[in-house]
Amino acid sequence: MNHAIRCTDLVKTYPGKPPVEAVRGINFSVEVGECYGVLGPNGAGKTTTIEILEGLLAATSGTAEVLSMNWKNNATAIRERIGVSLQETQLSERQSVGETLSLFRSFYNSGISPDEALARVSLQEKEGAWIETLSGGQKQRLAVATALVGDPELIFLDEPTTGLDPSSRRELWEIIENFKANGKTVLITTHYMEEAERLCDRVAIFDAGKIIAEGTPKELIRSIGAEHVIEFSIEQKHLTLDLSLLQSLPTVERVDHDQANYHITVSEPHIVLPALINCLAKQQITLASLSTRHASLEDVFVNLTGRHLIQRDD
């Protein structure tokens, strides 16, 4: 099997009293031509892992191979063949878009022209504009263009759509999909479950420095035993429902209570909904809200850890 990335027993420990184990024996591989997603809450070890793969950090132990090479012996060769787009790329505000891409193109022995890089991210009309005049979405597309201008085989994208409006986010998704369609490899970190489910062939869920689950999005969602979630709240805020009563309803796999909201993972919502409404009515409890949706990778994380991937406000 041809791998673009391979991590074996990867460990990163920061000195301290006590030492901080940021990465605790990570093992995973990414195939050439694959889009691989890394998910996890802040502090899970995903950024440290990615920075080791990007050559920004040295591992404490274990191995990290990028395009069948390691950073100790092949740093220059790796840099020529990868692209990196950080979550926040600080570019000179008083340079034009074209000047910026020409500068980044000069870092590589070979690659595509700045004009072609602009075309790939649909920024041709902004070639002469100063960066300070760009919108947030345009700046993110330019950051991706700086990663593409060396015509990399593998691109690292760290939270590339954070803070973008839905339209800008979809534009970046199309750029990533086009890159992958040319046989290139993508490693992406994201907090957006819809993004991971649309873009990624496989995902790894990180928690406390380890990978706690790995597979295709569909495989991971099926692993929780149900593919639908019913969410509801009740008018009587002072009451807390008996979760075991909800668990006893037909086709219910799991019940969670998050502040004032209840989440029921079920396999057949059309059977559970009448039973739920009847159950609440018998107890003279009034629904304040009710919705149904397909289960997501967020539900997988809750099922594995009892916590939400994205911490919610109180």
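Keep in mind that what you see is a predicted model, and the values were worked out from it rather than measured.
- Residues L249 and I230 fall within the same hydrophobic cluster, defined by Ile, Leu, Val, Met, Phe, Trp and Tyr side chains chained together at heavy-atom separations under 4.5 Å.
- Of all heavy-atom pairs spanning V32 and G183, the tightest one is CG1-O, 4.1 Å.
- In the hydrophobic cluster analysis, where Ile, Leu, Val, Met, Phe, Trp and Tyr join through side-chain heavy atoms closer than 4.5 angstrom, V11 is grouped apart from I212.
- Y14 and L10 end up in the same hydrophobic cluster when Ile, Leu, Val, Met, Phe, Trp and Tyr side chains are linked at under 4.5 Å.
- Under the 4.5 Å side-chain criterion, counting only non-hydrogen atoms from C-beta, N42 is in contact with H191.
- Residues R94 and E132 are paired through a salt bridge, judged by an N-O separation under 4.0 Å between the basic side chain and the carboxylate.
- When V252, I271, T292, L273 are each tested for a side chain to side chain contact (heavy atoms under 4.5 Å, CB included) with V266, only one passes: V252.
- Between R202 and V30, the shortest heavy-atom contact is NH2-CA, 4.0 Å.
- How far OH of Y262 is from OG1 of T240: 5.0 Å, rounded to the nearest 0.5 Å.
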(request) Please step through side-chain contact (heavy atoms from CB on, under 4.5 Å) for the pair K12 and E51, ending with a clear verdict. (result) CA-CA 11 Å; K12 180 63 178 180; E51 289 182 347; over 6 Å; no
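- For the atom pair CD1 (I5) and CG (L53), the distance works out to 5.0 Å, reported to the nearest 0.5 Å.
- No side-chain heavy atom of I211 sits under 4.5 Å from any side-chain heavy atom of I205.
- A side chain to side chain contact (heavy atoms under 4.5 Å, CB included) with E235 is found for one member of I285, L287, T286 and no other, namely T286.
- Ring geometry for F206 versus F28: interplanar angle over 60°, hence perpendicular rather than tilted (30 to 60°).
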(request) Could you give me the CA-CA distance, side-chain angles and deciding distance for L280 and F232, then say whether side-chain contact (heavy atoms from CB on, under 4.5 Å) is met? (result) CA-CA 11 Å; L280 296 178; F232 70 92; 4.3 Å; yes
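- Across every non-hydrogen atom of L172 and P160, the tightest pair is CD1-O, 3.4 Å.
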(request) Assess whether salt bridge (charged side-chain N to carboxylate O under 4.0 Å, His left out) is satisfied between E21 and K210, documenting all intermediate values. (result) CA-CA 10 Å; E21 295 180 303; K210 294 185 175 182; over 6 Å; no
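- A salt bridge links K180 with D201: the closest approach of a Lys/Arg side-chain nitrogen to an acidic carboxylate oxygen falls below 4.0 angstrom.
- Considering all non-hydrogen atoms of both residues, I26 and G209 come closest at CD1-O, 3.4 Å.
- Looking at heavy atoms from C-beta onward, D207 lies out of side-chain contact with L304 at the 4.5 angstrom threshold.
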(request) Determine, stepwise, if the pair W173 / T161 fulfils side-chain contact (heavy atoms from CB on, under 4.5 Å). (result) CA-CA 9 Å; W173 289 354; T161 62; 4.1 Å; yes
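- Q284 CD: 12 or fewer foreign heavy atoms inside a 6.0 Å radius.
- Of the possible polar contacts, one joining the T133 side chain to the W130 backbone as a donor-acceptor pair under 3.5 Å is found.
- The 12-atom threshold is not exceeded at CD of E194, counting heavy atoms of other residues, nucleotides or ligands nearer than 6.0 Å.
- With hydrogens and angles ignored, the 3.5 Å screen pairs no side-chain donor or acceptor of R6 with any backbone N or O of E65.
- Although no hydrogens or angles enter the test, the distance criterion places a donor-acceptor pair under 3.5 Å between the side chain of N27 and the main chain of D9.
- Scanning all heavy atoms of the two residues, the minimum distance from I131 to K139 falls at O-CE, 3.3 Å.
- R254 places none of its side-chain heavy atoms less than 4.5 Å from the side chain of I224.
- A distance of 7.0 Å separates CD in E174 from CG in N178, rounded to the nearest 0.5 Å.
- By the 4.5 Å heavy-atom criterion applied to side chains, I50 and D158 are not counted as neighbours.
- Shown here is H294, whose NE2 atom has no more than 12 heavy atoms of other residues, nucleotides or ligands within 6.0 Å.
- Neither I188 nor V66 shares a network with the other; the hydrophobic side chains, linked directly or stepwise wherever heavy atoms of I, L, V, M, F, W or Y lie under 4.5 Å apart, form separate groups for each.
- Contact annotation: the side chain of P41 approaches that of F301 to within less than 4.5 Å [non-hydrogen atoms, C-beta and beyond].
- We find that K184 and D151 are joined by a salt bridge, their nearest charged nitrogen and carboxylate oxygen being less than 4.0 Å apart.
- Residue I82 is tested with L67, L187, T185 for a side chain to side chain contact (heavy atoms under 4.5 Å, CB included); the sole match is L67.
- At a threshold of 4.5 Å between non-hydrogen side-chain atoms, the residues L157 and V186 count as touching.
- Minimum interatomic distance between V272 and P250 (heavy atoms only, all atoms of both residues): CG2-O, 2.8 Å.
- Separating the NE2 atom in H228 from the CD1 atom in I264 is a distance of 14.0 Å, to the nearest 0.5 Å.
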(request) I would like to know whether H263 and V302 meet side-chain contact (heavy atoms from CB on, under 4.5 Å); could you show each step before the answer? (result) CA-CA 11 Å; H263 311 265; V302 172; over 6 Å; no
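- Linking Ile, Leu, Val, Met, Phe, Trp and Tyr residues whenever their side-chain heavy atoms come within less than 4.5 Å leaves M193 and L164 in two separate clusters.
- Between R170 and E177, no side-chain nitrogen of the basic residue sits less than 4.0 Å from a carboxylate oxygen of the acidic one, so the salt-bridge criterion is not met.
- Between the side chain of K46 and the backbone N or O of G40, at least one donor-acceptor pair lies under 3.5 Å.
- A donor-acceptor distance shorter than 3.5 angstrom exists from the side chain of N70 to the backbone of N73, with no hydrogens or angles considered.
- Counting heavy atoms from C-beta on, the side chains of L246 and L276 come closer than 4.5 Å.
- Rounding to the nearest 0.5 Å places OG1 of T100 at 15.5 Å from CZ of R105.
- Rounding to the nearest 0.5 angstrom, the gap separating the CG atom in N303 from the CG atom in L297 is 12.0 Å.
- For the pair T60 (side chain) and T13 (backbone), a donor-acceptor distance under 3.5 Å is present.
- The number of heavy-atom neighbours closer than 6.0 Å to NZ of K237, taken from other residues, nucleotides and ligands shown, is above 12.
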(message) Would E171 and S122 count as a side-chain hydrogen bond (donor to acceptor under 3.5 Å, both in side chains) here? Give the steps.
(response) CA-CA 9 Å; E171 287 176 347; S122 302; over 6 Å; no
